[in-house]
Amino acid sequence: MQNKNNSNTVIQDRYRKIFDDYYRYVYAIAFSKLKNCGSDEDAEDCVSEIFADLFVYLDNHEVDDSRIKSVISAVAGNKSVDMFRKVSL
């Protein structure tokens, strides 16, 4: 049980660091896609969805630190386009 708690703490710490390190980067991607059709709130919602999708992805795939930015870019770009389609209808 102790190892599982330690493992969860390590994962939570990694996710917190990713969020803190890449929040502005992710927001910039979302805002650039949504600036002409969405609100600031839409961009914030998109950022939340991006991190949710990213963390699900990271739970299911081994991604080392050297590839994390490219994974974030892909998830953020795809989710931002999805949100653009949603709000521009």
Side-chain angles (χ1 to χ4, degrees):
M1 186 77 162
Q2 181 78 18
N3 285 340
K4 186 169 183 140
N5 287 338
N6 287 342
S7 177
N8 286 341
T9 300
V10 169
I11 292 168
Q12 288 174 351
D13 290 346
R14 181 176 187 223
Y15 289 177
R16 171 55 58 191
K17 181 165 178 24
I18 290 169
F19 181 85
D20 291 343
D21 290 349
Y22 291 99
Y23 176 84
R24 288 179 184 221
Y25 177 68
V26 169
Y27 184 85
I29 293 170
F31 185 78
S32 71
K33 299 280 191 226
L34 299 172
K35 66 182 174 192
N36 293 324
C37 68
S39 66
D40 289 345
E41 186 176 301
D42 291 326
E44 289 288 342
D45 289 345
C46 188
V47 169
S48 295
E49 291 180 21
I50 289 166
F51 279 107
D53 286 0
L54 174 65
F55 296 149
V56 167
Y57 182 88
L58 293 176
D59 283 343
N60 295 305
H61 299 86
E62 286 280 327
V63 178
D64 60 37
D65 290 341
S66 66
R67 290 191 44 235
I68 193 70
K69 190 170 184 178
S70 63
V71 171
I72 290 170
S73 297
V75 172
N78 290 335
K79 183 56 78 173
S80 296
V81 169
D82 290 346
M83 181 67 87
F84 174 84
R85 289 182 187 131
K86 182 177 165 184
V87 299
S88 65
L89 291 177

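All of these numbers come straight from a predicted model, not from anything done at the bench.
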message: Could you measure the distance from the CE atom of Met83 to the SG atom of Cys37? Nearest 0.5 Å is fine.
response: 10.0 Å
message: I need the minimum non-hydrogen distance between Ser80 and Leu34, along with the two atoms involved.
response: O-CD2, 4.1 Å
Heavy-atom pair with the smallest gap, counting every atom of Ala30 and Ala43: CB-O, 4.1 Å
- line: The side-chain contact (heavy atoms from CB on, under 4.5 Å) partners of Ser39 (sequence neighbours excluded) come to Glu41, Asp42
field: Contacts of type side-chain contact (heavy atoms from CB on, under 4.5 Å), residue Asp64, not counting sequence neighbours
entry: Ser66, Arg67
query: Linking Ile, Leu, Val, Met, Phe, Trp and Tyr through side-chain heavy atoms less than 4.5 Å apart, which residues share a cluster with Tyr22?
result: Ile11, Tyr15, Ile18, Phe19, Tyr23, Tyr25, Val26, Tyr27, Ile29, Phe31, Val47, Ile50, Phe51, Leu54, Phe55, Tyr57, Leu58, Val63, Ile68, Val71, Ile72, Val75
query: Do the charged groups of Asp82 and Arg85 touch, with an N to O distance under 4.0 Å?
result: yes
- prompt: Taking only residues two or more places apart in sequence or in another chain, which ones pass salt bridge (charged side-chain N to carboxylate O under 4.0 Å, His left out) with Arg24?
  reply: none
message: Which residues pass the salt bridge (charged side-chain N to carboxylate O under 4.0 Å, His left out) test with Asp65, not counting sequence neighbours?
response: Arg14
Sequence neighbours excluded, every pair satisfying side-chain hydrogen bond (donor to acceptor under 3.5 Å, both in side chains) that has a member inside residues 29-38: none
